[in-house]
Number of protein chains: 2
Amino acid sequence: MSKPRINTMEELSVAIGVSRPTLSRFFQDPSRVKKNTAARIEAGLARVEYVPNFFATRMNRKSTGLIGVIIPYLNDLFFTKLLQAVEVAAMQAGMTVITQCSHSDPAIEARAAETFMSMSVDGAIVAPLGDHSDQAVHLRLKSRMPFVLMDSRPKTMPNVDFVGTNHHQSTGLITEYLCRMGEPPVFLAMPRVNFNAREREAAYIARMRELGFEPEVIGTELLHEDWHFEEHGEAVLDIEFGGGRLTDRSILCANDRVAIGAIRAAARHGLTPGRFGKGGLRIAGHDDYPLCPYLNPALTTVAQNTDAIGKKAVSRLLDLIRGDGRDDTPEITLFDGNLKLRESA
Amino acid sequence: MSKPRINTMEELSVAIGVSRPTLSRFFQDPSRVKKNTAARIEAGLARVEYVPNFFATRMNRKSTGLIGVIIPYLNDLFFTKLLQAVEVAAMQAGMTVITQCSHSDPAIEARAAETFMSMSVDGAIVAPLGDHSDQAVHLRLKSRMPFVLMDSRPKTMPNVDFVGTNHHQSTGLITEYLCRMGEPPVFLAMPRVNFNAREREAAYIARMRELGFEPEVIGTELLHEDWHFEEHGEAVLDIEFGGGRLTDRSILCANDRVAIGAIRAAARHGLTPGRFGKGGLRIAGHDDYPLCPYLNPALTTVAQNTDAIGKKAVSRLLDLIRGDGRDDTPEITLFDGNLKLRESA
DNA sequence: CGTCAACATTTACATGTGTAAAAAGGGAGG
DNA sequence: CCTCCCTTTTTACACATGTAAATGTTGACG
């Protein structure tokens with residue numbers, strides 16, 4: 001059952017009777033070797049246990065075929081969806097993805113960047129931490145390799161390729177919807193862990209003014225640890241509802257996880273948000289978190305097109321790797337959000 | 001601002017005025033170099049931009065300091081929690097984690113294993129796909145490096161180190177709780193994507209018999225794609241509730257995501273599961289998915305100790321890497337589940 | 001001030017594979 | 001059947017670093 005194990009191409013070459021460089025070419029692309037020879041190699045390979053040394057192969061190639069991806073947080077289905085889209089797209093392009101999670105710690109993010117440089121990845125896709133990211137790290141990465149930012153975009157880095165959602169459009173869309181169908185909404189902010197938090201807030205304010213309503217933002221004080229969004233949403237509304245406020249208002253949450261907490265707070269105060277209760281409480285979110293349809297009531301929200309974002313980030317990075325549009329203007333791609341009308345608003 | 005870039009240790013050695021091997025020792029462990037020399041190197045390093053080549057360093061060391069981790073699925077907070085625990089533990093031990101997701105595809109899992117062998121990782125931790133995993137791949141990995149299975153354990157691989165939850169205890173615990181506090185529960189199974197699915201089912205049946213009740217399992221037919229647990233739970237109960245069945249029963253779901261679907265189905269049929277409604281509908285889950293406390297009603301469940309599982313998987317792997325207990329009996333570690341009493345049951 | 005030991009540094013070789021250039025092979029046309 | 005050209009294979013060197021053994025340095029003690 002267990003085949004004889006061979007550790008180097010050298011040994012393999014004597015075992016099969018082909019020169020080592022021929023094997024090297026075979027492993028890079030079997031078609032670069034005569035059909036006859038390829039068959040002989042494959043037959044030999046079936047008889048022994050051999051895997052080419054990853055490090056030795058990548059060390060010398062001009063291109064490593066590796067893409068580095070950094071995401072800020074694992075325990076968030078939004079990022080896992082995004083990561084999955086990136087991984088699938090990269091796999092289809094024949095690239096290998098090296099994923100690192102910064103666990104919302106800029107030091108870990110910096111270390112991940114270091115690893116990417118050390119590994120000579122062909123390019124990097126980074127979803128930054130927001131304010132907490134060390135932008136020097138991003139700039140260093142960009143100066144060394146094709147580099148694309150994803151999801152959240154620092155205003156201070158206008159010259160970097162970026163792929164994300166058009167929050168002006170998406171937040172504007174749901175704001176407009178809420179205004180059209182009922183009371184103009186209050187905006188329940190999220191802890192400002194990244195730039196999207198503030199972008200959405202600004203988009204809400206702008207759209208409200210356009211529509212002739214006075215914006216109203218709550219929940220900007222950081223009550224809980226970063227990233228504990230549900231807790232945040234629940235706590236803020238617990239205070240409001242407890243004081244008898246907002247119980248018949250429309251509440252637009254900065255993201256779905258905040259909205260999940262908001263719905264929970266409503267339930268605890270005996271309130272049921274809904275689009276059909278004319279004049280009553282409504283709650284809406286942003287992102288289309290995978291569990292939205294299963295909440296009670298199912299959450300009305302705006303979907304971010306994570307598939308498109310992931311795919312585009314990869315394809316843009318591949319363009320940069322190929323050298324297309326390198327020293328050109330950076331490409332900023334923003335995808336529109338789609339309204340997901342469910343029960344809660 | 002941008003420092004001169006140096007690509008090899010050789011160049012660096014002339015730039016600083018220290019021999020290359022000394023630099024090599026410095027990068028592996030600064031204390032292996034005279035304090036004086038270390039200071040001189042650090043000063044030099046501050047003036048230039050240099051990162052040691054990952055591949056060249058790892059190629060020659062006897063130990064790569066790498067741990068390979070495979071998880072079956074990204075879009076599931078249970079696995080991300082587990083992965084996070086593993087990453088943190090590994091980081092604390094000074095190891096670098098290479099994460100690969102098999103995306104519930106055995107071919108991708110096999111490719112990931114290949115990558116690990118190719119990279120000479122010091123050891124691998126794998127959360128298998130269940131039935132769909134190619135066990136030959138696991139055996140091959142195990143024959144080549146320290147190997148620990150995590151989360152889900154194939155009955156056909158009794159001789160492999162394993163860390164997971166004692167489902168007999170955990171499922172038994174909540175079964176017993178449900179029986180004690182009300183109607184004996186029906187078991188709402190999940191698609192049998194892994195061994196845990198069947199283990200829990202078996203544990204439920206055994207515990208019910210012990211308590212003198214007749215077990216009753218529903219939802220074993222695969223109505224939806226693998227891993228679409230919420231959809232599955234909702235669909236199965238939609239049929240039952242629609243036929244007027246189970247509306248005042250206790251329902252133990254195979255996991256929390258199934259339970260999320262179940263609660264949703266209940267809501268759509270105007271039912272509110274709860275522990276206080278004596279004699280009424282109750283719904284419970286398994287895992288303690290992070291969102292459980294925010295559902296309406298908050299989900300009663302059994303928590304898997306993901307932190308402990310992740311930590312233990314890493315520490316056991318490190319033991320194996322160090323050579324402790326290598327050819328010994330494999331170590332099977334099962335952590336108990338903890339009851340999380342909330343509102344739904 | 002000299003000597004010896006302990007330790008830091010350097011020399012010299014090893015690692016497994018990529019790749020340019022040289023050699024060999026194979027097929028077609030004469 | 002020979003020759004020439006094109007393709008495949010081989011030779012030879014490169015890559016960036018690890019590491020054992022040899023060499024050098026430092027400092028304490030006599």
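In the text below, chain A, chain B and the rest are named by the order of the sequence lines, each starting its count at 1.
- Atom CZ of A:Phe26 is separated from atom P of C:dT19 by 17 Å (rounded to the nearest Å).
- Contact record, B:Val33 with B:Ala38: CG1-N, 3.5 Å, taken as the closest heavy-atom pair.
- Remark: P of D:dC13 and CG of A:Asn60 are 16 Å apart, rounded to the nearest angstrom.
- Residue A:Lys62 has a polar side-chain atom (N or O) positioned under 4.0 Å from OP1 or OP2 of C:dT19.
- Atom CE of A:Met59 is separated from atom P of D:dA16 by 8 Å (rounded to the nearest Å).
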Could you give the side-chain donor-acceptor pairs of residues 11-20 of chain B under 3.5 Å, partners two or more places apart or in another chain?
residue : atom : partner : partner atom : Å
B:Ser13 : OG   : B:Glu10 : O            : 2.6
B:Ser19 : OG   : B:Thr22 : N            : 3.4
B:Ser19 : OG   : B:Thr22 : OG1          : 2.9

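- The phosphate of D:dT25 (OP1 or OP2) has no side-chain N or O of B:Lys34 nearer than 4.0 angstrom.
- Going from atom CD of B:Glu11 over to atom P of D:dA16 covers 8 Å, rounded to whole Å.
- Residue-level contact check: B:Thr8 touches the backbone only, with heavy atoms under 4.0 Å from sugar-phosphate atoms and none from bases.
- Counted within 6.0 Å of CZ on A:Arg111, heavy atoms from surrounding residues, nucleotides or ligands total 12 or fewer; the atom is thus considered open.
- Residue A:Ser24 places at least one side-chain N or O under 4.0 Å from the OP1 or OP2 atom of C:dG18.
- On a pure distance criterion of 3.5 Å, no polar donor-acceptor pair joins the side chain of A:Arg58 and the base of C:dG16.
- Taken from CG in A:Leu149 to CE in A:Met157, the straight-line distance is 5.5 Å, to the nearest 0.5 Å.
- For B:Ser19, taking side-chain heavy atoms from C-beta onward, the closest of the listed nucleotides C:dT10, D:dT17, D:dT10 is C:dT10.
- Rounded to an integer number of Å, the gap from B:Gln28 CD to C:dA8 C1' is 15 Å.
- An OP1 or OP2 oxygen of D:dT9 is reached within less than 4.0 angstrom by a side-chain nitrogen or oxygen of A:Thr37.
- Comparing the start and finish of the helix from C:dC1-D:dG30 to C:dG30-D:dC1, five pairs each, the helix axis swings through 30°, to the nearest 10 degrees.
- Atom P of nucleotide C:dT15 and atom CG of B:Asn53 are separated by 19 Å, given to the nearest angstrom.
- Between B:Ile125 atom CD1 and B:Lys312 atom NZ the span is 11.5 Å, to the nearest 0.5 Å.
- The interatomic distance linking A:Ile41 (CD1) with D:dT9 (P) rounds to 8 Å, in whole Å.
- For B:Glu42, the salt bridge (charged side-chain N to carboxylate O under 4.0 Å, His left out) criterion is met by no residue, not counting sequence neighbours.
- In this structure, B:Tyr50 reaches the sugar-phosphate backbone alone: every heavy-atom distance under 4.0 Å involves primed, P, OP1 or OP2 atoms, never a base.
- B:Thr22 comes within 4.0 angstrom of a base, heavy atoms only.
- Of the inter-residue distances, the one linking A:Leu77 atom CG with B:Leu77 atom CG reads 4.0 Å to the nearest 0.5 angstrom.
- Between the P atom of C:dG18 and the CZ atom of A:Arg20 lies a distance of 8 Å, rounded to the nearest Å.
- Checking A:Ser24 against A:Gln28 by side-chain atom types alone, a donor-acceptor pair falls below 3.5 Å.
- Closest approach to the A:Glu10 side chain among D:dT10, D:dT17, C:dT17 is made by C:dT17 (side chain taken as heavy atoms from C-beta onward).
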